[in-house]
Chemist: 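One structure, as C-alpha cells, below. Some questions next.
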2 protein chains.
Amino acid sequence: MTGQTGPQQAGRSGGRSTRQRRAVVAELDATDQFRSAQDIHEALRRNGDPVGLATVYRALQTLVDAGEVDIVKTDDGEAVYRQCNPTHHHHLVCRNCGNTVEVTGPTVERWTERVAAEHGFHDVSHTLELFGLCPDCAVREEPGAAT
Amino acid sequence: MTGQTGPQQAGRSGGRSTRQRRAVVAELDATDQFRSAQDIHEALRRNGDPVGLATVYRALQTLVDAGEVDIVKTDDGEAVYRQCNPTHHHHLVCRNCGNTVEVTGPTVERWTERVAAEHGFHDVSHTLELFGLCPDCAVREEPGAAT
DNA sequence: GTAAGTGCAAACGGTTTGCAGCCTC
DNA sequence: GAGGCTGCAAACCGTTTGCACTTAC
C-alpha cells in the first residue's frame, strides 16, 4: 500500500479498487452534471491521471451495474453518466448549455404505474427526460427568434 | 400493385415523389409498430421493392423533418420510426416482444409544463417511454424467475 | 500466485456522407 | 433541361472486445 485513501472500501464499488477505477469515481464525484465517457476520459488525462478509454467504459459499466451510477442516453445516442442519487428522479436539461436540474415527479410515477397496470404490463420502468432552454439561454435565443 | 394512391400528394411528403420514397411511406403505413430503418430496408427488399439503406435513412429523415413520422431512440441506441399520429402521446413497449401500446397522458403533459415553468425553462419538450413486460410475456417469464 | 483489471487497437453496429448516374418535375 | 434523388461503399462515432501484460488481494 502506498498511502492513497486506503483499500478498504473496495467491495461496494463493484470490483477491485484500482487507481483507474478510483479516478473515474472521483471524476463523477466532482460534479453533479452528466458526463460522457469520452468527456471523463479526457478530463482524467488532463488531470494527469490517464486512464484508457476502454477502461473508462468498463469502469462506468461496472458502476452502473452496481447501481452507483446513473446512465442516460442523450438524443445523440451518446451515453452520459452521473453519480447515482438514491432517490428516483428525472432531469430537466438545457439543450443549449447542458445545465441540468433534477426534478422528482410523484405525479408521474403514479401515472406510469397506473397506465402500466391498466394494460396488464409488469415490471415496468420508464425513461423521462425534459429538454428545453434554461432561463439564461432562453433570453439569448429570444431576440432573433422567429416562428 | 402499381396503382397505389396516385402521385398527386407529393408536396406534403417533404420531397419529390419517387418510387423509393413511396415505398418507405407505404411500409410505415402498413403497421402501427415502430420500425427501425434497417428493418424497413429489409422488408422493402423482401417485398420486391428494393431501396438502398442510405436512401431509407434519407427518406425517413425527410419525413421526420416534415413532421409526418415519429422517431424514438431505443435503449440500444437504435432509432425506430413510425407514422406520426397527430395527437401527442407516449408508448408502453414490451421489452420482450416489442408490442407497443399508445398511451396519452394529459397528467404528464401538465406536469412537465408546470415543472419546466417552475424552473424558468422555455421551449420544453419531453421524452417519455415506458418499458415493461406485456401480459403474455409476463406469464412466460414468471415461472423460472429468480433474483 | 491467481484472477481481475488495464491498455491498445481493431472490430462493431447504426447512421451519415461523397460522388457519379438516374429520374421527377 | 436542371436539380433533387438514389445507390454504393467508405467514413464516422460512440462503444465493445480480444489479447497480452500489470496489479490488487
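Convention: sequence-line order gives letters A, B, ...; per-chain numbering from 1. Source: prediction; values computed, not measured.
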Chemist: Can you figure out which of D:dT23, C:dT16, C:dG7 approaches the side chain of A:R58 most closely?
Modeler: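 Between D:dT23, C:dT16, C:dG7, the one nearest the side chain of A:R58 would be C:dG7.
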Chemist: Does C:dA4 have OP1 or OP2 under 4.0 Å away from a side-chain N or O of A:T18?
Modeler: no
Chemist: Taking atom CD as the centre, does B:E42 end up with more than 12 heavy-atom neighbours from other residues, nucleotides or ligands that are less than 6.0 angstrom away?
Modeler: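 No, because the 6.0 Å sphere around CD of B:E42 holds 12 heavy atoms or fewer from other groups.
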Chemist: Calculate the interatomic distance between B:Y81 atom OH and C:dG14 atom P; express it in whole Å.
Modeler: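 It works out to 12 Å between those atoms.
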Chemist: Can you find a heavy atom in the side chain of B:L63 that is under 4.5 Å from one in the side chain of B:Y81?
Modeler: no
Chemist: To the nearest Å, give me how far apart CD (B:E42) and C1' (C:dG13) are.
Modeler: 15 Å
Chemist: Which part of the nucleic acid, if any, lies within reach of A:A59 when heavy atoms closer than 4.0 Å are counted: base, sugar-phosphate only, or nothing?
Modeler: nothing
Chemist: List in numerical order all residues of residues 45-55 of chain B for which some heavy atom is under 4.0 Å away from an atom belonging to DNA chain D.
Modeler: B:P50, B:V51, B:G52, B:A54, B:T55
Chemist: Figure out the NZ/P separation between A:K73 and D:dT15, and round it to whole Å.
Modeler: 8 Å
Chemist: B:R21 versus B:T62: any side-chain heavy-atom pair under 4.5 Å?
Modeler: yes
Chemist: Please state whether the phosphate of C:dG7, meaning OP1 or OP2, lies under 4.0 angstrom from any side-chain nitrogen or oxygen of A:Q20.
Modeler: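 Checking A:Q20 against C:dG7: at least one side-chain N or O falls below 4.0 Å of OP1 or OP2.
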Chemist: Quick one: B:D76 CG to C:dT15 P, roughly how many Å, whole number?
Modeler: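 About 11 Å, once rounded to whole Å.
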Chemist: May I ask you to say what B:Q38 touches in the nucleic acid, namely base, sugar-phosphate or nothing, with a heavy-atom cut-off under 4.0 Å?
Modeler: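 Result for B:Q38 = base.
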Chemist: When you look at CZ of B:R45, are more than 12 heavy atoms from neighbouring residues, nucleotides or ligands closer to it than 6.0 Å?
Modeler: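 12 or below, so no.
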Chemist: Without hydrogens or angle criteria, can the side chains of A:H90 and A:E109 be said to hold a donor-acceptor pair below 3.5 Å?
Modeler: yes
Chemist: Without decimals, in angstroms, what is the distance between B:H41 NE2 and D:dG7 P?
Modeler: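 Checked: the NE2 to P distance equals 8 Å.
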Chemist: According to the interplanar angle, ranging from 0 to 90°, do the rings of A:F34 and A:H91 count as parallel (below 30°), tilted (30 to 60°) or perpendicular (above 60°)?
Modeler: perpendicular
Chemist: Is any side-chain N or O of A:R19 closer than 4.0 Å to OP1 or OP2 of D:dA24?
Modeler: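 No, outside the criterion.
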Chemist: Using atom CZ of B:R16 as one end and atom P of D:dT6 as the other, report the distance to the nearest whole Å.
Modeler: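 Going from CZ in B:R16 over to P in D:dT6 covers 10 Å.
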Chemist: Would you kindly give the OH-to-P distance between B:Y57 and D:dA11, to the nearest whole Å?
Modeler: 18 Å
Chemist: Would you mind reading off the distance between A:E78 atom CD and D:dC13 atom P, rounded to a whole angstrom?
Modeler: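 Value for this atom pair: 12 Å.
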Chemist: Among the candidates D:dC25, C:dT15, C:dG5, find the nucleotide nearest to the side-chain atoms of A:R21.
Modeler: C:dG5
Chemist: Identify which one of B:L44, B:T55, B:V69 satisfies the side chain to side chain contact (heavy atoms under 4.5 Å, CB included) criterion when paired with B:V24.
Modeler: B:L44
